[in-house]
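Data first, discussion second: the structure below is written as structure tokens.
Counting starts at 1 for both ligands and their atoms, following the listed order. Given the structure is predicted, the values throughout are model-derived calculations rather than measurements.
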Amino acid sequence: MDLMFSDDLVAFRAEVRAWLESNRPKWRFQPYYTEDGLAQHLEWEARLFAAGYSAPGWPKEFGGLGLDHWHQLIYDEEYARLNLPERVNKMGLLHGGPTVMAHGTPEQQEAWLPGILNNSDIWCQGFSEPDAGSDLAGLRTTGRIEGDQLVLNGQKTWTSFGVIATKMFALVRTDREAPKHRGISFVILDLDTEGVEVRPLRQLHGHAGFAEVFLTEAAVPLANVVGPLNEGWRIAQTSLKLERGMGRGTHTKMLRTVDEIARRLGADPDTGSLERLGSHRAWAFAYEQATYELTDILSRGRDEGALPSVLKLRLSEILTGIREEERNLLGERAEQIPAGPPEAPLPPTQREYWHARAGEIYAGTTEIQKNIISETALGLPREPRP
Ligand SMILES: Cc1cc2nc3c(=O)[nH]c(=O)nc-3n(C[C@H](O)[C@H](O)[C@H](O)COP(=O)(O)OP(=O)(O)OC[C@H]3O[C@@H](n4cnc5c(N)ncnc54)[C@H](O)[C@@H]3O)c2cc1C
């Protein structure tokens, strides 16, 4: 199937491509969690912002170009095609900000959204806790109302971009008597609030962008609750669906990666690698078409149902399959680590492999996506809920 884009979208693609190609960074950036790396990312993103390309799909009043879902998709495809640096504020751009757009008051939107596009605030997501990952509704961080303040106590973990973030969108329990999916609120907090401690977490493969965040009598304005008090579970579904569904050019990245591996390592009909890479490419193409379907659904304002969970499930399977084939073709070379300090990041092949594997966990594990699909799309019996 070959989808035809409108003349307007074709022209927009040419415009974006020309701008990105002539303005793209000329070297690979250091990781964002290093001082130099963060400065490089911020300088690049400031240029995107000045050109209106921070998030073209956001409304003009918040710093976007006010374009529709299809224009945003075209922009994301072009960004991914050139393998440009991952955005440091992706938590705000992809889920936190759009959730505030959907459920926040005009005052909240005006106060917080422009800062995401110009990076004056970097957002992170505070959902998971040491004993609440898949069972997210079992979270224990509390929010106690005192006058016009919400006083937070608890611990968040696996906070991506936590080491550079200035704001967190978090889920906290505001009614301990209510059933566990109720009594939760969605709140925005400044990470420099007294009583907030951010501790960096370095992973075995060298990545040091995660943090765990400790909250001890941290008082935030009650006015920072997004949506009605105690209805945070419903608000969080908007954020989670956005996180699972819209991969920001992920399909382009998949297709580009398969082609690049075939070129670099060879696709051989005798060893079966041609057939396997062809199969991965077919899955990547199917993922692209499903992304277009989701874009169409969102453009029409229709309910996306379980499609974000289907995309999330397939994303991790396809990316892992591609990276496993790369390791297969590399043989022993896949395990080699060049000499360097122990804290040096892993070589790209290994980093990408482990990042693909992490796709089976973040934004809800593979098993959780299967539960959602079976219950909401296939009508199978629900898991028992206390
Ligand atoms: C790269 C990465 C980035 C992340 N970034 C963030 C972030 O920015 N903010 C944030 O809040 N969190 C983040 N997380 C945390 C992530 O959301 C959790 O790790 C995830 O939800 C799983 O929770 P858990 O680790 O506690 O595993 P558990 O929930 O303990 O699960 C362990 C295993 O049991 C299975 N399991 C659990 N319950 C069920 C069930 N009901 N049915 C079937 N199987 C089940 C799971 O599938 C899994 O295989 C990130 C994680 C990763 C890997």
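Between the side chain of E45 and the main chain of V88, a donor-acceptor pair closer than 3.5 Å is present.
Within 4.0 Å of atom 2 (C) of ligand 1, at least one protein heavy atom is present. The presence of a protein heavy atom under 4.0 Å from atom 34 (O) of ligand 1 is ruled out. Atom 30 (O) of ligand 1 is not flagged as protein-proximal [any protein heavy atom, distance under 4.0 Å].
Looking only at heavy atoms of the protein, atom 39 (C) of ligand 1 is closest to I368 CD1, 3.9 Å. Counting only heavy atoms of the protein, atom 28 (P) of ligand 1 lies nearest to S134 OG, 3.6 Å. Ranking the protein heavy atoms by distance from atom 43 (C) of ligand 1 puts E367 CB, 3.6 Å first. Scanning all protein heavy atoms for the shortest distance to atom 20 (C) of ligand 1 gives I361 O, 3.6 Å. Remark: minimum distance from atom 7 (C) of ligand 1 to any protein heavy atom is reached at W158 O, 2.9 Å. Nearest protein heavy-atom contact of atom 42 (N) of ligand 1 is N371 ND2, 3.2 Å. Remark: minimum distance from atom 51 (C) of ligand 1 to any protein heavy atom is reached at Y362 CB, 3.7 Å. Summary of contacts: the protein heavy atom closest to atom 18 (C) of ligand 1 is S128 OG, 3.9 Å.
Just one residue in the list L139, L136, T141 forms a side chain to side chain contact (heavy atoms under 4.5 Å, CB included) with I184, and that residue is L139.
Considering only residues two or more places apart in sequence or on other chains, S309 meets the side chain to side chain donor-acceptor pair (under 3.5 Å) condition with Q369.
A salt bridge links R300 with D296; the closest basic N to acidic carboxylate O contact falls under 4.0 Å. The existence of a salt bridge linking E360 and R357 is confirmed by a sub-4.0 Å separation between a basic side-chain nitrogen and an acidic carboxylate oxygen. Between E197 and R199, at least one side-chain N (NZ, or NE/NH1/NH2) sits under 4.0 Å from a carboxylate O, which counts as a salt bridge. Here R323 pairs with E326 in a salt bridge; the nearest charged N to carboxylate O distance falls below 4.0 Å.
In summary, the atoms of ligand 1 found under 4.0 Å from a heavy atom of M91, numbered by their order in the structure, are 8 (O). Applying the 4.0 Å criterion to heavy atoms of Q125 picks out, from ligand 1, the atoms 7 (C), 8 (O), 9 (N), 10 (C), 11 (O). Proximity to F127 (heavy-atom distance under 4.0 Å) selects the following atoms of ligand 1: 11 (O).
Judged by a 6.0 Å distance limit and a 45° cone about the ring axis, R248 is not positioned over the six-membered ring of Y79. For the pair K312 and Y362, the cation sits on the ring face: its NZ or CZ lies under 6.0 Å from the ring centre, inside 45° of the axis.
At a heavy-atom distance under 4.0 Å, no atom of K156 approaches ligand 1. Neither the backbone nor the side chain of F161 has any atom closer than 4.0 Å to an atom of ligand 1 (non-hydrogen atoms only).
The closest non-hydrogen atom to atom 24 (P) of ligand 1, taken over G133, A363, P130, comes from G133. Nearest-heavy-atom check against atom 46 (C) of ligand 1 across L136, T365, D131 picks out T365.
Between W123 and F169, the ring planes are tilted. Angles from 30° to 60° get that label.
Taking distance alone, with nitrogen or oxygen atoms compared against 3.5 Å, S160 approaches ligand 1 more closely than that limit.
Other residues sharing the hydrophobic cluster of L222, ordered by chain and number and joined by side-chain separations under 4.5 Å: I145, L150, L152, M168, V172, V187, L189, L191, V196, V198, V213, L215, V220, V225, L229.
Side-chain rings of F5 and Y292 approach one another, their centers coming within less than 6.0 Å.
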